[in-house]
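The next block holds one structure in the form of structure tokens; read it before the comments.
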Amino acid sequence: MLFNSIDFAVFLPIVFILYWFVFNKSLKLQNFLIVASSYFFYGWWDWRFLLLILFSTIVDYTIGQKLNKEENQTKRKILLWTSILVNLGFLGFFKYYNFFLENFVTVFSFFGSNIKANSLHIILPVGISFYTFQTLSYTIDVYKRKLTPTKDFIAFSSFVSFFPQLVAGPIERATHLLPQFNRKRKFEYIKAVDGLRQILWGLFKKIVIADNCAEFANQIFNNSADLNGSTLILGAIFFTFQIYGDFSGYSDIAIGTSRLFGFDLMQNFNFPYFSRDMAEFWRRWHISLSTWFRDYLYIPLGGSRGGTWMKVRNTFIIFIVSGFWHGANWTFIAWGALNTIYFLPLLLLNKNRTFIDSIAEGKNFPSLKELFSMFMTFSLVVFAWIFFRAENIHHAFEIISKIFSTQVFALPYFVNGSLAIPTIILIGIFVLIEWVGREGQFAIQTIGFKWVKPLRYIFYYAIVMAILWFGGREQEFIYFQF
């Protein structure tokens, strides 16, 4: 079920009414409703994979209970690794089986041995990378005794399957989200209105920005062999705003929906395209994933505590694994490796935490130095997205070779290119609104609060009309494939 569908527009009010007006007397019944609604939400896509979520839930709940009772460290490690292997085993099979098989055959063919191996037609369960990492955080934290495991199976099932963030995050930590299922929740009008406002902005990002940018990004990347360098740059920029509007839009809708039910999820995007260097970008982009890798992989590997070699090794591992997490394609690994190259100089020169505050904080405009830094960082990000979007490594280098040629000086041109002008204008308006609201949790959180009511409602009405008027062809969220 898509957030930007009629199905969800019907589903959400029904669950909201049942949650606050029918099951509001019992915390247990509210949690049960969340589980039932979440399974219905996920099963709307493919009911067969509900068994996968249920199995993971049972395994991690059981292991959590056993970890809490077991004192023998060897047995505790066995329990932890059982959880890790079961969860990553499912993820590896569904997401990476054919990738490893094809590369295994290629390597042997290179050395003159022809191996016949048939790939499998495997359907990738939506959101498996997200809920796998979420449940892993539970068993790892219980193992480290940072969290006391819950005895309430319904509450734990709610944590694993919570429908707003089940299929594309944010990837919540058990220490943050799970306790919220064990507390009595009260309806808060201000919180709910703020949630609706964030849902509205998320829908604008997805439907108005991402889906319209996707039309042109897809056209340009799919016909890259026939287009000049300047057009390919334009295609990369369209994809840059497509993936941001798509993914951060989903996160906004997920966080806003959660607030309707009395839950607080972590911020997943913090205006990353206003970053002044790549270290700041990675503190602001997909925060729930980057902090997950930091806490559960980078720090256990030694973090930045060792010498230069350890810093370089651990940084490479983090970014390569992050790239591979996104998909079974060498393009994602190349994207991760490129971001390592971007990040390492800042880390080695101890400049990776130069920019902690918001750009031009408390000001209307950035300085020329900040503007230049922001432009250079944005350019590096756009270039890296070429690998992310390309069909394969050859396709990526084919595009890059045209960009770094005399073709880049030609005017951009592609079929129906004039239709892109309204989308470019919308991107400009979008960037302006994001800039004005960059110090909030989301762009329109506080915009208009000091305006007179009629003007504020005109602003919201304009966003609604833009969603209805400029809404492109309905498309799935990009990160569903991960």
Criterion side-chain contact (heavy atoms from CB on, under 4.5 Å) on Leu79 and Thr139, from CA distance to verdict | CA-CA 9 Å; Leu79 288 167; Thr139 49; over 6 Å; no
Output, in order, the C-alpha distance, side-chain angles, deciding distance and verdict of salt bridge (Lys or Arg N to Asp or Glu O under 4.0 Å) for Arg276 and Asp357.
-> CA-CA 11 Å; Arg276 289 153 288 185; Asp357 58 339; 3.5 Å; yes
Begin with the C-alpha distance, continue with both residues' side-chain angles, and end with the deciding distance and a verdict on salt bridge (Lys or Arg N to Asp or Glu O under 4.0 Å) for Arg173 and Asp141.
-> CA-CA 9 Å; Arg173 306 297 177 80; Asp141 286 345; 5.8 Å; no
Give the intermediate values and the outcome of ring-ring contact (aromatic ring centres under 6.0 Å, His included) for residues Phe181 and Phe263.
-> CA-CA 9 Å; Phe181 287 102; Phe263 293 90; 4.7 Å; yes
Any chance you could lay out the side-chain hydrogen bond (donor to acceptor under 3.5 Å, both in side chains) test for Asn68 and Arg76, step after step, and finish with the verdict?
-> CA-CA 9 Å; Asn68 192 47; Arg76 296 186 87 247; over 6 Å; no
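A heavy-atom distance below 4.5 Å is not found between the side chains of Glu398 and Glu391. Put simply, the side chain of Thr315 does not reach to within 4.5 Å of the side chain of Ile318, judged on heavy atoms. For the pair Leu344/Leu347, a side-chain contact is recorded, criterion being any heavy-atom separation below 4.5 Å from C-beta on. Contact annotation: the side chain of Leu289 approaches that of His326 to within less than 4.5 Å [non-hydrogen atoms, C-beta and beyond]. Here the side chains of Ser288 and Glu172 are not in contact, with every heavy-atom distance at 4.5 Å or above. Considering only heavy atoms from C-beta on, Phe281 comes within 4.5 Å of Tyr273 through its side chain. Side-chain contact check for Ile444 versus Ile463: some heavy-atom pair is nearer than 4.5 Å. Between Trp330 and Phe387, every side-chain heavy-atom pair lies at or beyond the 4.5 Å cut-off.
Taking the six-membered ring where the residue is Trp, the centroids of Phe130 and Trp292 are separated by 6.0 Å or more. Ring centers of Phe332 and Phe324: at least 6.0 Å apart, outside the cut-off. Between Phe49 and Trp45, the distance separating the two ring centers is shorter than 6.0 angstrom. A centroid separation of less than 6.0 Å is found between the aromatic rings of Phe55 and Phe90. The ring of Phe133 has its center closer than 6.0 angstrom to the ring center of Phe293.
Using a 4.0 Å cut-off between a side-chain N of Lys or Arg and a carboxylate O of Asp or Glu, Glu70 and Lys66 do not qualify as a salt bridge. Checked for salt-bridge contact, Arg438 and Glu434 miss the test: no charged N lies under 4.0 Å from a carboxylate O.
Side chain of Asn228 to backbone of Thr231: a donor-acceptor contact under 3.5 angstrom is found. Looking only at distances, a side-chain donor or acceptor of Ser275 sits under 3.5 Å from a matching main-chain atom of Pro272. No side-chain donor-acceptor contact under 3.5 Å links Asp277 to the backbone of Leu346. Under a 3.5 Å cut-off, the side chain of Ser367 and the backbone N or O of Glu370 do form a donor-acceptor pair. With hydrogens and angles disregarded, a donor-acceptor distance shorter than 3.5 Å links the side chain of Thr135 to the backbone of Thr132. A donor-acceptor contact shorter than 3.5 Å is absent between the side chain of Asp246 and the backbone of Gln242. Without hydrogens or angle criteria, Gln407 side chain to Ile403 main chain gives no donor-acceptor distance under 3.5 Å. Between the side chain of Gln165 and the backbone N or O of Ala254, no donor-acceptor pair lies under 3.5 Å. In terms of modelled atom types and a separation under 3.5 Å, the side chain of Lys402 and the main chain of Ser224 share a donor-acceptor contact. No donor-acceptor pair under 3.5 Å is formed between the side chain of Thr57 and the backbone N or O of Ser157.
Considering every non-hydrogen atom in both Tyr143 and Gln73, the closest pair reads OH-NE2, 2.8 Å. Here the closest non-hydrogen pair linking Lys205 and Ile209 is O-CB, 3.2 Å. In terms of heavy atoms, Gly302 sits closest to Asn314 at C-ND2, 3.8 Å. Scanning both residues, Leu234 and Pro412, for their nearest heavy atoms gives CD2-CB, 4.2 Å. Nearest heavy-atom pair, Pro300 versus Asp295, reported as atom, atom and distance to 0.1 Å: CD-O, 3.4 Å. What you find for Asn352 and Arg283 is that their closest heavy atoms are O-NH1, 2.6 Å.
The ring pair (Phe, Tyr, Trp, His ring centres under 6.0 Å) test with Trp201 singles out one residue from Tyr250, Phe430, Phe269, and that residue is Phe430. Put simply, the residue from Gln198, Gln441, Lys206 that forms a side-chain hydrogen bond (donor to acceptor under 3.5 Å, both in side chains) with Asp252 is Gln198. If you run ring pair (Phe, Tyr, Trp, His ring centres under 6.0 Å) between Phe343 and each of Tyr298, Phe319, Phe316, only Phe319 comes through. When the options Ile427, Thr423, Ile429 are evaluated for a side-chain contact (heavy atoms from CB on, under 4.5 Å) with Ile425, the one that passes is Ile429.
Atoms OG and CG, on Ser129 and Leu88 in that order, are 10.0 Å from each other to the nearest 0.5 Å.
Using modelled atom types, one finds no donor on one side chain facing an acceptor on the other under 3.5 Å when comparing Thr175 with Lys146. For the residue pair Asn268 and Arg284, no side-chain donor N or O sits within less than 3.5 Å of a side-chain acceptor on the partner. Judged by distance alone, the side chains of Asn87 and Asp60 do bring a donor and an acceptor atom under 3.5 Å apart.
Using cut-offs of 30° and 60° on the angle between ring planes, the pair Phe8 and Phe41 is perpendicular. The aromatic rings of Trp335 and Trp385 lie parallel to each other, with less than 30° between the two planes, well short of the 60° mark. Ring-plane geometry between Phe156 and Tyr61 is classed as tilted, the angle between the planes lying from 30 to 60 degrees on a 0 to 90 degree scale. Taking the six-membered ring where the residue is Trp, Phe159 and Tyr138 present tilted rings, their angle falling between 30° and 60°. Using cut-offs of 30° and 60° on the angle between ring planes, the pair Phe383 and Phe404 is perpendicular. Under the 30°/60° scheme for interplanar angles, the aromatic rings of Trp285 and Tyr244 are found to be tilted.
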